[in-house]
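The figures that follow rest on heavy atoms only: side chains count, while hydrogens, waters and symmetry mates do not.
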Amino acid sequence: MPIASVAAVMVLLALYVPIGLYLEAHFVPMDKTILNPPFARLAGNAFAIYKLPAPAPADTLDESRRSHVVLTEDGKLLGPSHSPHSDINTIGLGRYSYWSEAGRVPVVVFSTSDNSNPNSNGRVYRLLDPDAPYEAQLKH
């Protein structure tokens with residue numbers, strides 16, 4: 001093997017090892033509880049997100065208070081939950097609903113605490129299921 005090739009391998013290893021150690025020490029697992037924009041504007045103060053963490057039982061027409069999930073904005077609870085979509089739209093102020101129609105994928109319909117646009121207000125929204133261990137929610 002020519003000396004230039006050996007030198008190149010040594011340089012690559014000299015860079016690879018410290019970079020690998022740095023990345024391993026600073027690795028932060030992705031938090032799957034975070035709801036990532038873009039959020040779809042429905043009407044008025046109501047926004048929706050369809051890409052959700054592992055599904056939990058959602059409210060339905062037959063069971064309007066079935067959901068146990070909570071929505072937070074920068075770590076503060078929003079609510080009231082189980083809000084009618086018309087109230088989320090017209091009143092807003094943190095109201096939300098975790099909803100599913102017969103056999104469809106659940107959706108979160110929500111408003112921000114101050115009726116600002118969640119796509120541009122810089123806040124972090126999390127959907128948490130108190131019935132599931134937090135670590136399990138991070139992995140889904």
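The shortest non-hydrogen separation linking Ile49 to Leu35 is CG2-CD1, 4.0 Å.
The side chain to side chain contact (heavy atoms under 4.5 Å, CB included) test with Thr33 is passed by exactly one of Leu128, Leu127, Thr72, Val124: Leu128.
Every residue meeting the salt bridge (Lys or Arg N to Asp or Glu O under 4.0 Å) condition with Asp114, not counting sequence neighbours, appears here in chain and number order: Arg123. Taking the side-chain hydrogen bond (donor to acceptor under 3.5 Å, both in side chains) definition, one finds that Ser97 meets it with His85, sequence neighbours left out. Applying the side-chain contact (heavy atoms from CB on, under 4.5 Å) rule to Ile91 yields the partners Asp87, Leu93, Arg95; only residues at least two apart in sequence or on another chain are considered.
In this structure, OH in Tyr96 is found 12.0 Å from CD in Glu73, a value given to the nearest 0.5 Å. Rounding to the nearest 0.5 Å gives a distance of 12.0 Å between CG of Asp129 and CG of Leu52.
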Legend entry - Candidate pair Arg41 and Asn117, rule side-chain contact (heavy atoms from CB on, under 4.5 Å), full reasoning: CA-CA 9 Å; Arg41 177 168 230 134; Asn117 185 330; 4.1 Å; yes

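In this structure, the side chain of Asn45 engages the main chain of Asn89 through a donor-acceptor pair within 3.5 Å. At least one donor-acceptor pair closer than 3.5 Å links the side chain of Asp59 to the backbone N or O of Ser67. Counting only distance, with no hydrogens or angles, the side chain of Ser111 and the backbone of Asn115 share no donor-acceptor pair below 3.5 Å. For the pair Ser83 (side chain) and Pro80 (backbone), a donor-acceptor distance under 3.5 Å is present.
Remark: aromatic rings of Phe39 and Phe110 are close, center separation under 6.0 Å.
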